[in-house]
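Source: prediction; values computed, not measured.
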Amino acid sequence: MKLFASESYLLMSSATSFDFLLKPIFLRGFSASLHVVLLLFLLVFWVVNRVKHADGEVSKQTLRQRKFLWYKQTLACCVVVSAFNIFLFLLSCFYWYRNDWSEVKLVSLSDYVVKILAWCAICVYLHYQFSNSSEQKQFPLLLRVWWGFYFSISCYCLVVDVLLYQNHVSFPSQYIVSDVFSVVTGLFLCLLGFFARNEGENTLLEEPLLNGDSNVSNGVELSKKKGGDTVTPYSNAGFFSILTFSWMGPLIAAGNKKTLDLEDVPQLDSNDTVVGAFPKFRNRLESADSEGSGVTTLKLVKALFLLAWKDILWTALFAFMSTVASYVGPYLIDTFVQYLNGQRQFKNEGYLLVMAFFVAKLVECISQRRWFFKLQQVGLRLRAVLVAMIYNKGLTLSCQSKQSHTSGEIINFMTVDADRVGEFSFCMHDLWIAALQVALALLILFKNLGLASIAAFVTTVLVMLVNIPLGKLLEKFQDKLMESKDKRMKATSEILRSMRILKLQGWEMKFLSKIIGLRNVEEGWLKRFVYTNAINSFLFSVAPLFVSVTTFGACIFLGVPLESGKILSALATFRILQGSICVLPDTISMIAQTKVSLDRIASFLLLDDLQSDAIEKLPKGSSDTAIEIVDGNFSWDLSASIATLKDINLKVCHGMSVAVCGTVGSGKSSLLSCILGELPKISGTIKLCGTKAYVAQSPWIQSGTIEENILFGKEMDRERYDRVLEACTLKKDLEVLSFGDQTVIGERGINLSGGQKQRIQIARALYQDADIYLFDDPFSAVDAHTGSHLFKEVLLGILSSRTVIYVTHQVEFLPAADLILVMKDGRIMQAGKYNDILNSGTEFMELVGAHKKALSAIDTVEAGPLSEQIISEGDGAIGSSKGKVLKEGNQGNESGKVEDIGPKGQLVQEEEREKGKVGFSVYWKYITTAYGGALVPLVLLASILFQFFLIGSNYWMAWASPVSGEVKPRVGSFTLIIVYLALAIASAFSVLARAMFISTAGYKTATLLFKNMHLCIFRAPMSFFDSTPSGRILNRASTDQNAVDLNIPYQVAGFAISIINLLGIIVVMSQVAWQIFIIFIPVVATSIWYQQYYISSARELARLVGISKAPVIQHFAETILGATTIRSFDQESRFQETNMILTDCYSCPKFHVAGAKEWLCFRLDMLSSITFAFCLFFLISIPDEVIDPAIAGLAVTYGLNLNLLQTWVVWNICNMENQIISVERMLQYSSIPSEPALVIESNRPEHSWPFHGEVNILGLQVRYAPHMPLVLRGLTCTFLGGLKTGIVGRTGSGKSTLIQTLFRIVEPAAGQIIIDGVNISSIGLHDLRSRLSIIPQDPTMFEGTVRSNLDPLEEFTDEEIWEALDKCQLGDEVRNKESRLDSSVSENGDNWSMGQRQLVCLGRVLLKKSKILVLDEATASVDTATDNLIQTTLREHFSDCTVITIAHRITSVLDSDMVLLLSHGLIEEYDSPARLLENKSSSFAQLVAEYTARSDSSSEKLD
């Protein structure tokens, strides 16, 4: 370097004629001239373009075809150059205005002004070029040439600066700063100008408009296909794009111009999808469990780590770099204060210090952004594979395992536990980083304070040790909180499924109180958790103060001199240490929560699966035998002493038809379960040859279209499809639906009648074209005519050559079977052909005898008194059932065609989401819910006081201590430490008060929001539950409630606290030099602009995350309910694939939420780093003695945290808006229109009402929704008190609708129902429903005990309950159980047979003893003998009551006094059975004739 300097000097001395080339006036003048030339060129270009475009308009039909790579970055760079020159111009004016103006100074100022104008013009030119050109492939030639000149002249100026500096020639320091900046920006622009090309497919494609049929939104056309069609730009982004998160730019830009939808969000990279990651995870888990001892938490953790180990190690490296870089500032502060105090070790030390601060800040920011983003990416992947693992396990669980974990609990594993493991990844490095930070802090403290640092170390260790008991306490509370949440979710899930029966019985408020009771237990643990957390956060907020007081006290005790530079260095170190100590309790709490979640998931994965070896599957065509069971013993409970099925021996050849019959609870359904492999095998062998299809007794229908339910994963074969529809008599049903087979079925087939659900199930089985068909009583839910048709077309038609095993209670279907199995007490008592077994045992004779007795009722019906037959006017063609439109083209003169109602006509709509900004009303409701918002001012006051005392204590230490050893201290050591201690204690109390207020307000708000939402949901009309999948409600009750319980209070408070902290820093920094506002104001304005630009996309992405979660939960809940059906069709892999697709649909917006956050934070970090650098540059540039070095050092100490705090403020704003969406979603369900009042105090019926049970129906018209056609179209009739009325009619005639109107589940559109003189619409719902009784079509039992199922309201004594059980033939069954009335009932009553559940429903009405009883297909699931028993019981105990019966079994209504026959919502016939049977042409007589004809074959055999 010396050689270079001497040669340069010789050159300069020998070439005096070229001296002017090295003069600053020439350099600045030459630079200004070049910029003026550029301005002229740009002006000429503008004029030429104006003239050119004056001739013709530019086509409005063209949009940018490609987004140019780095266009925005280039534009930003030009803006920064312009802003930098503005700053230099203002700074120069500020320095020089006191002195005389020289030529050099004036030329320099002119240079700055021309540069500002030129670079602003370049910005305009760039924007113009790239917003109007569709063919731009690279930057314009003019700009590329200019950037080359600019870079060259900047390098030349910098070389001259270096030469002058070497030769000790003085010149303003601004010049070297300006020239370094110009070289860096010039190099950047040259690289872009000569190497950048257009971006092409990395962005969301924007194509030219074709014939005007594309959809354009503000100049951006987004792909209308699902997000799955475009892979995220991240997957092939370049190094700079990944570093700066520019790959997120197109999506954020799109979100700023339109409301984002799921199809706008690009698909995940294959490495991040669960489809790509799950096979690797499963392989790693299997290899971790090579010894086959089962999954443990440790093995699960190992497999999860191995899945993402590369990314985890990368994040560890980024975390290390960020942590080390963050300590450069505290390390250099003492040196910086000494420099400001005049102690300079070498020339330009200040510039080097500024550069060191700035570079360290950049490294910290960039590595931190990569660290945070990568960890979120890892978290998403881990969550997704766990969800897939839990789902797959749910599909293979054995029956016993299912009873120990209900669907609500398993849903919690997915929604809460898997989420928590994903969230934990965000803080997985925090523990070792805390240790590293403590080590680095101690090194800095030791350098500055010597042995006093030992006191700091001991104090820090003590503070961290306090974590251990607190952590354990938090883990315990978290564990209990999760347990209680599980119980609540389990109950909620079950109640939502059974809401119809709760409404019919008037029990919904009782069950709401059950949920509230479970929530109260949960709230008890929540209260403990949040207050312990508050103590925790208090301890760690004051920890740095405690450490600093101890350390400074030790310094005084040891005689270590306290100089302001050393104190500020220590304070900056404590401040960073505060971060790690503060997050430590959260980290420990998170580790505790994650361990609990992993333990729960691992224990779930350890549960027993179905026996894989229960069935020996033979290759298709390898055996003549389709099914063979040898010495089979099976039990639902392997620990029970008595087996469910005993000594089963069965051989079924291909093509055989086997009927299974027997009384309720004899083991018929269990026999089918053992053939399916669902029933655990104790001993024996089962062999199966061929594919199988199964029709369950309780229909399982998926949400989706009818076509999807029938195809069930198979390709569409139109011929076979039509044949199946014909056989299952579904064609007529589909014709009358507005959308045909594209009608969306609600959850669990809610908008279909029982018969339609059963027939869709049968159609699904038929379409599979299997070898073996298993039917579990498929004819019970359909009417007599449909039953006959199904038997004939399905069993005797399509399946005549297939192996069929069918369970039935209808004796008339038995003679057609090749083999009949008669079951009793879990054994096959008789087996053989109809004639063979008829006389060989008593069991079969009993069944046939009961059937004969029922048939004889038809012959003995005597003509009763003819009641007035009132048939309503009109025979129009359109009616409907349960929201479905019926059409009969040959009736009346109306067109049978029903117009489509449009998408809104579908019952289940896509989940609605709010759009645009979260309204202020949501925030206001949230903060004023608890105590009217009284605690909010107190939280703000406590935060302001905390900040005031904290800054005051630091200010005091900086001001009161000497800058160096030579300066006399302003106060004594004792005073110094006592005042500091007092301020520290005051701030500690402020933070304690704040923590307590936040916890109290958050807890109270969560409690009130929960109660309001649940009250609204339980009071909602039944139509809400019909059209709302339970997944949506469960999502709000679990995920959103969890956010309101544990996250949102701290998020909202964190926003206010971060704003107060930022204002505190601004106040401190402005104390030193108000001039920093010159840079601070534009930077804050830019930050706010960025935040506004970002938030519209982030908000919609967060909402998309919310609505993408419900389908995952709903699909899982449906899968658990239909697991048997799915397994029987061997469709597990398809359902697993669907789950993966839905999981990826959830991960996709979640991934882009993370990317968008980091996109914003990176830009804010850069802005705050530049602000900090300017602040430092300003401090070293101003003359000595102008400011106090100690106070300047304090400003730098706070400035070190500026980027973190600025990012924290914006992060909090965005996070708060994202999180508050949970409150918005809960408030959505807190304003559902409710049913009419439960009790109307001014119009309560008498206690003994109804007195006689007379029901008058006058002009009754009913529709299910305002936009749907009438279902009942003007019924007028009277059900006389004390008489039994049977209601019959084909499926969809309006039978169930009439009953629902009687209970006011549906309100009449016109007309009225009067019971014993009281209009039922004028009294409260509870008064009405509690006085009526119903045995519903779907027998429902709740988890609990026999007692709680019979008497949920706890109104009856044990004696009354036993009496009711004996009357309904269940007394002996319950007495045989160990716990008797306290015997357990599992979820949905799964451990009771369908028939037994129906008998429990009978027991309920026997206890209630109402004057009016409704039977809705009440005996559909029981055998004829049990049906006769029920009828006898009803005759005996309800002889003086009005009994209204809907039945498919004709024998059930023959016993009635009157029969009402409905057709298409109108009364077709209403008379006594005898009178109707006399008229052979009556529709009722024809129905009876069909039934008896069907039974002829068995009747003949009886004779």
Side-chain angles (χ1 to χ4, degrees), residues 199 201-205 222-238 241-242 245-252 254-255 260-282 304 307-312 314-315 369-370 372-392 414 418-419 421-423 425-426 1097-1098 1100-1113 1115 1136-1159 1218:
E199 193 171 66
E201 68 277 3
N202 279 13
T203 65
L204 292 164
L205 288 176
L222 288 160
S223 167
K224 287 291 161 198
K225 296 175 185 174
K226 274 284 175 201
D229 295 341
T230 339
V231 177
T232 177
Y234 175 77
S235 59
N236 49 11
S241 183
I242 285 176
F245 295 91
S246 303
W247 55 270
M248 271 303 299
L251 186 63
I252 291 172
L260 287 179
D261 287 311
L262 274 172
E263 57 264 25
D264 302 325
V265 185
Q267 196 187 34
L268 292 173
D269 183 48
S270 58
N271 291 327
D272 292 317
T273 61
V274 68
V275 178
F278 182 68
K280 297 176 195 169
F281 171 69
R282 191 177 49 211
L304 288 169
L307 178 69
W309 68 273
K310 282 184 186 170
D311 285 334
I312 290 170
W314 270 114
T315 52
R369 298 280 65 84
R370 295 304 310 147
F372 285 1
F373 176 70
K374 270 282 179 199
L375 280 182
Q376 288 177 84
Q377 196 180 354
V378 167
L380 268 180
R381 212 178 304 159
L382 300 188
R383 179 202 166 274
V385 294
L386 284 174
V387 166
M389 199 75 197
I390 293 163
Y391 181 89
N392 293 0
M414 275 186 122
D419 272 9
V421 175
E423 286 163 15
S425 64
F426 198 70
S1097 302
E1100 296 312 321
L1101 284 168
R1103 284 181 176 141
L1104 289 175
V1105 169
I1107 65 165
S1108 303
K1109 194 164 192 176
V1112 182
I1113 299 171
H1115 181 249
Q1136 287 165 2
E1137 198 176 308
T1138 305
N1139 174 61
M1140 287 183 180
I1141 290 166
L1142 289 171
T1143 304
D1144 282 339
C1145 280
Y1146 168 75
S1147 299
C1148 205
K1150 192 101 172 153
F1151 171 84
H1152 288 92
V1153 162
K1157 271 184 187 173
E1158 297 307 329
W1159 176 91
N1218 291 348

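- Looking at L1142, N1139, T1138 one by one, the single match for side chain to side chain contact (heavy atoms under 4.5 Å, CB included) with Y391 turns out to be N1139.
- I1107 and P1111 make their closest contact through O-CD, 3.1 Å (heavy atoms, listed as atom of the first residue, atom of the second, distance).
- Put simply, the side chain of R383 never gets that close to the backbone of E423: no donor and acceptor are under 3.5 Å apart.
- In this structure, the side chains of C1145 and L262 stay at 4.5 Å or more apart for every pair of heavy atoms.
- Side chains of D272 and Q377: a donor on one and an acceptor on the other come within 3.5 Å.
- In this structure, the salt bridge (charged side-chain N to carboxylate O under 4.0 Å, His left out) partners of R369, at least two apart in sequence or on a different chain, are E1158, D1165.
- Minimum heavy-atom separation, R370 to I242: NH1-O, 3.2 Å.
- Considering only residues two or more places apart in sequence or on other chains, F1151 meets the ring pair (Phe, Tyr, Trp, His ring centres under 6.0 Å) condition with Y234, W247, F373.
- The shortest heavy-atom contact between L386 and A418 is CB-CB, 4.1 Å.
- Under the 4.5 Å side-chain criterion, counting only non-hydrogen atoms from C-beta, S1147 is in contact with L268.
- R381 is listed as a side-chain neighbour of D311, based on a closest heavy-atom distance under 4.5 Å.
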List the steps, then state whether side chain to side chain contact (heavy atoms under 4.5 Å, CB included) holds for L251 with H1152. CA-CA 9 Å; L251 186 63; H1152 288 92; 3.7 Å; yes
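- Using modelled atom types, one side-chain atom of D1144 and one backbone atom of V274 make a donor-acceptor pair closer than 3.5 Å.
- With values rounded to the nearest 0.5 angstrom, T1143 atom OG1 is found 9.5 Å from H1115 atom NE2.
- A salt bridge links K1109 with D419: the closest approach of a Lys/Arg side-chain nitrogen to an acidic carboxylate oxygen falls below 4.0 angstrom.
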Mind running side chain to side chain contact (heavy atoms under 4.5 Å, CB included) on N392 and M389 for me, showing each step along the way? CA-CA 5 Å; N392 293 0; M389 199 75 197; 5.9 Å; no
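- In this structure, the side chains of K1157 and L1101 stay at 4.5 Å or more apart for every pair of heavy atoms.
- Residues V1153 and A1102 share a closest heavy-atom pair of CG2-N, 3.9 Å.
- Between the side chain of S425 and the backbone N or O of L375 there is at least one donor-acceptor pair closer than 3.5 Å.
- Although no hydrogens or angles enter the test, the distance criterion places no donor-acceptor pair under 3.5 Å between the side chain of S1108 and the main chain of Y1146.
- Nearest heavy-atom pair, D269 versus V231, reported as atom, atom and distance to 0.1 Å: CA-CG1, 4.3 Å.
- Between the side chain of T273 and the main chain of G276, a donor-acceptor pair closer than 3.5 Å is present.
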